[in-house]
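Here's the structure we're looking at; comments come further down.
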Amino acid sequence: MSIGLHNSEFKNPVVRWIDQRMPVFTMMQKEYGTFPTPKNFNYFWNFGALAMVTLLIMIATGIFLSMNYAAHTSLAFDSVERIMRDVNFGWLIRYIHMNGASMFFIVVYIHIFRGMYYGSYKAPRELLWMLGVVIFLLMMATAFMGYVLPWGQMSFWGATVITNLFSAFPVVGNFIVELLWGGFSVDNPTLNRFFSLHYLLPFVIFGVVFLHVAALHITGSNNPLGIEPKGPQDTLPFHPYYTAKDSVGLVVYFIVFAVLVFFAPNYLGHPDNYIPANPLVTPPHIVPEWYFLPYYAILRAVPDKLGGVLLMFGSILVWFVLPWLDRSPVRSMRFRPLARPFFLLWTVCFLVLLWVGAKPAEGHYVLIARIATAYYFAYFLVILPLLGRLERPLPLPESISRPVLGGGPLPAGAAAKPMEKA
Amino acid sequence: MLRTSFKALALAIGLFAAAPAHAAGEAIAIPDTKFSFDGVFGTYDRASAQRGFQVYKEVCAACHSLRLLSYRNLRELGLTEAQVEAIAAGYQIVDGPNDEGQMFERAGRPADRFRKPFANDAAARAANNGALPPDLSVMAKARAGGADYLYALLIGYVDPPAGVTVMDGMHYNKYFPGYQIAMGAPLNPDQVDYADGTKATVEQMARDVSTFLQWAAEPELEQRRALGVKIIIFLTILAGLTYAVKRKVWADVEH
Amino acid sequence: MADTTQAATDGAPRRDFLMLVTGAFAAVGVGAIAWPFIASLQPAKDTLALASTDVDLAPIAEGQAVTVMWRGKPVFVRNRTAKEIEEARAVPANSLPDPASDQSRVQKDQWLVLIGICTHLGCVPTGQKATDARGEFGGWFCPCHGSHYDTSGRIRKGPAPRNLDVPQYAFTSDTKIKIG
């Protein structure tokens, strides 16, 4: 082998020539071909791949939309309608992008709930989890700015309400808000910078996703039992087993996506956004898109403006420290009979917050929102830390597959962990 | 298994309960009207839509613009090129400036957008007691209930119930949020002389113009649904195939 | 692949056929996804609606010319005098850099309709107004690199390779044409 060339195993001359100089094929073979993956994944492990595919779909449709979109307050609404009516298949590209945002959040929420249930955030996967939270925050920023672009009533007023929140911060509040707006209210400068950043952030997300997958490939994947693979008998090469299985999930995902796009494209949206933005007329009920509703509910649950803002951001920032709040040595909630109902209750609480976020902040809805917010935080800050100490978990199985036949060296990276009970 | 399905079910319920909760608070129940475009396989009744266009043209266009549509779009309703050219030519469209720097009026062409009844919003308000008649291009998507709501609104002008005072310049409508609307009842029996001879009752005109406005808001509806059917059938077959492949690939693995 | 070692004798061809059909289906799907994106790049319906322009010839006096916009390009419409027509016809067609008879470039002798873009590098030649430079052949002159066009819009002198293009047009009446 010549100096400076990678020792490539590939036989095909063209592939080999490239691989010797930049071992992308070797890398793909290692990371997605032979990569040892636990053999006991259920379909919840499909959702990360679905999120990746959705990100690519959003970028592709977004690029084609921006070929016809005009980011100016006097043109934006009409340019979107021109895409819907005059651009060939413009309606399709627009509806895929619009509903793709909802699908992206559905898929990522399920992906997050999987991580919480099976303890995927615990050591050694803390950084993997935190990178995921960063991706989620970037997704929220991207979706928020994207929703402003059609310049409908909800676009304008949603932007006004959320940017105004930053004025709650003492001393620097107004400075921040005017910086965000580029003026004294949400107007053309705001729209233009939101368009620029909305185009940029998905590529930042792509970069963080790369880091997220890289971190995953150092620790290896978690699995429904929450115990580390002990040898090759516990894993399968990613290809063809999980390429085949993920394909099934992908097609089913596309069916759900297609039902939405082709038969109910405006179901998850709000009719008010088909009214052109009017700074003088406030809609009777300003509601963000459904994926923001839980945090909107938390925001409004607190009577104090600054308190509401802090708790709203806090509700996601608390995810960062989850690996250190939950000290239980057992990963998967399958073996945590006490934690499991608390977590399921937390999931219900999240859905309750989602539901109440769309209701007016009046009457009994206020009480419901406050109770749900209290439980939301209590789960992370009180229940999980206590359970870590007090819970008696069920006995863990010996290994992922049947009891290990004969010994054999452990695969690299699968050293005995303090996580597992003997 | 049960655990996971519980979670999935909870998520699904949560999602679908949340979504239509946008029209929260004092939402007025809108009666469900049967339209030809309802349901998964519904299509636009072209005859009804053409009558609806006639209603728009002769009644609504006096105050309401349709600025996102062009006359050439009427071809999709089944009008011929000659009919569309004649309709367009019936309007004077502002164009220019000419070589003297003046704006001038010329006969409309199919490529032109629908002519606006007022030059700008201020003129529209001045002519309507301060109220702005909204553009109708996407009205069927801009109101909860869509075409059902538009129909209900147009037939919803009734006498106010006892004890309710209607403010000056307003009119009582039992389906309009707040019950008082600035627009007076726009439809009267036999107001339009339908070209195809259909009797122009208020309900008929309301139904036809609602169909027309639904088409105006979603002209791609039929193509979208037809494509959707094909794609979902294709994906269902592909789902079966990929599942069979998955089973074969995993056949020799204990799982 | 672990399964190749355990392939049943008749399981393998069935599995391969299944993989083939599935792969083909998936490939069709991927191809079908690409089409709407490519189609969206083609001219949109509002662009196609403006693909034709009507020109009223009545206001154009003899010897006068007007410039109209068509598909974003200038189009020269000249009402030629008898003298201009004669000059155009007097030249033998095959002696020209881009041979073409005058008759082949007009539908009615007096009306000359040309795309006003120099075939060299795309400048707009002068010559529409009587006060403009018209070059040595009484037609048009391109100031960018000195191409001379005659009263039939044909290149006579200079670097342009082709005559000024004649767009597709038709007379919709004696005094109206529809370009495109």
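So that the names make sense, note that chain A is the first sequence line, chain B the second, and so on, each numbered from 1.
Heavy-atom pairs under 4.5 Å with chain A peak, among B:Val138, B:Asp135, B:Ile231, at B:Val138. Heavy-atom pairs under 4.5 Å with chain A were tallied for B:Glu218, B:Arg67, B:Met139; the largest tally goes to B:Arg67. Top candidate by heavy-atom pairs under 4.5 Å with chain B, chosen from A:Pro276, A:Pro265, A:Pro284, A:Ser102, is A:Pro265.
Annotation: residues 117-125 of chain B contacts chain A through no residue [non-hydrogen atoms, separation under 4.5 Å].
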Contacts under 3.5 angstrom, residues 236-247 of chain B side chains, donor-acceptor by atom type, not counting sequence neighbours:
from	atom 1	to	atom 2	distance (Å)
B:Thr236	OG1	B:Ile232	O	2.6
B:Thr242	OG1	B:Leu238	O	2.9
B:Thr242	OG1	B:Ala239	O	3.0

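Under the 4.0 Å criterion applied to side-chain N and carboxylate O atoms, B:Arg72 and A:Asp86 are assigned as salt-bridge partners.
Formation of a donor-acceptor pair under 3.5 Å by the A:Arg85 side chain with backbone atoms of B:Ala216 is found in this model. Judged by distance alone, with hydrogens and angles left aside, the side-chain atoms of A:Trp91 form no donor-acceptor pair with the main-chain N or O of B:Arg224 at under 3.5 Å.
Heavy atoms closer than 4.5 Å to chain B are found in the side chain of A:Asn266, but not in its backbone. Interface remark: A:Leu236 contributes side-chain atoms only to the contact with chain B (heavy atom separation under 4.5 Å). Heavy atoms closer than 4.5 Å to chain A are found nowhere in B:Ser70, neither backbone nor side chain. Using a 4.5 Å cut-off between heavy atoms, A:Tyr95 touches chain B through its side chain atoms alone. When heavy atoms are compared at a cutoff of 4.5 Å, A:Tyr365 does not approach chain B at all. For A:Phe105, no part lies under 4.5 angstrom from a heavy atom of chain B. For chain B, no part of A:Val352 is nearby; none of its heavy atoms comes within less than 4.5 Å. Heavy atoms closer than 4.5 Å to chain A are found in the backbone of B:Ala217, but not in its side chain. Within the 4.5 angstrom heavy-atom criterion, no atom of A:Tyr291 approaches chain B.
A:Met84 approaches B:Lys141 most closely through the heavy-atom pair CE-NZ, 3.9 Å.
Heavy atoms of other residues, nucleotides or ligands lying less than 6.0 angstrom from OH of B:Tyr172 number more than 12.
Two residues are said to be in side-chain contact when any heavy atoms from C-beta on lie closer than 4.5 Å; A:Phe89 and B:Gln223 meet this criterion. With a 4.5 Å cut-off on side-chain heavy atoms, B:Phe234 and A:Val251 do not count as touching.
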ask   = Hey, mind stepping through B:Arg225 and A:Phe262 against side chain to side chain contact (heavy atoms under 4.5 Å, CB included) and telling me if it holds?
value = CA-CA 6 Å; B:Arg225 289 178 179 170; A:Phe262 291 99; over 6 Å; no
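Separating the OH atom in A:Tyr274 from the OG atom in B:Ser137 is a distance of 13.0 Å, to the nearest 0.5 Å.
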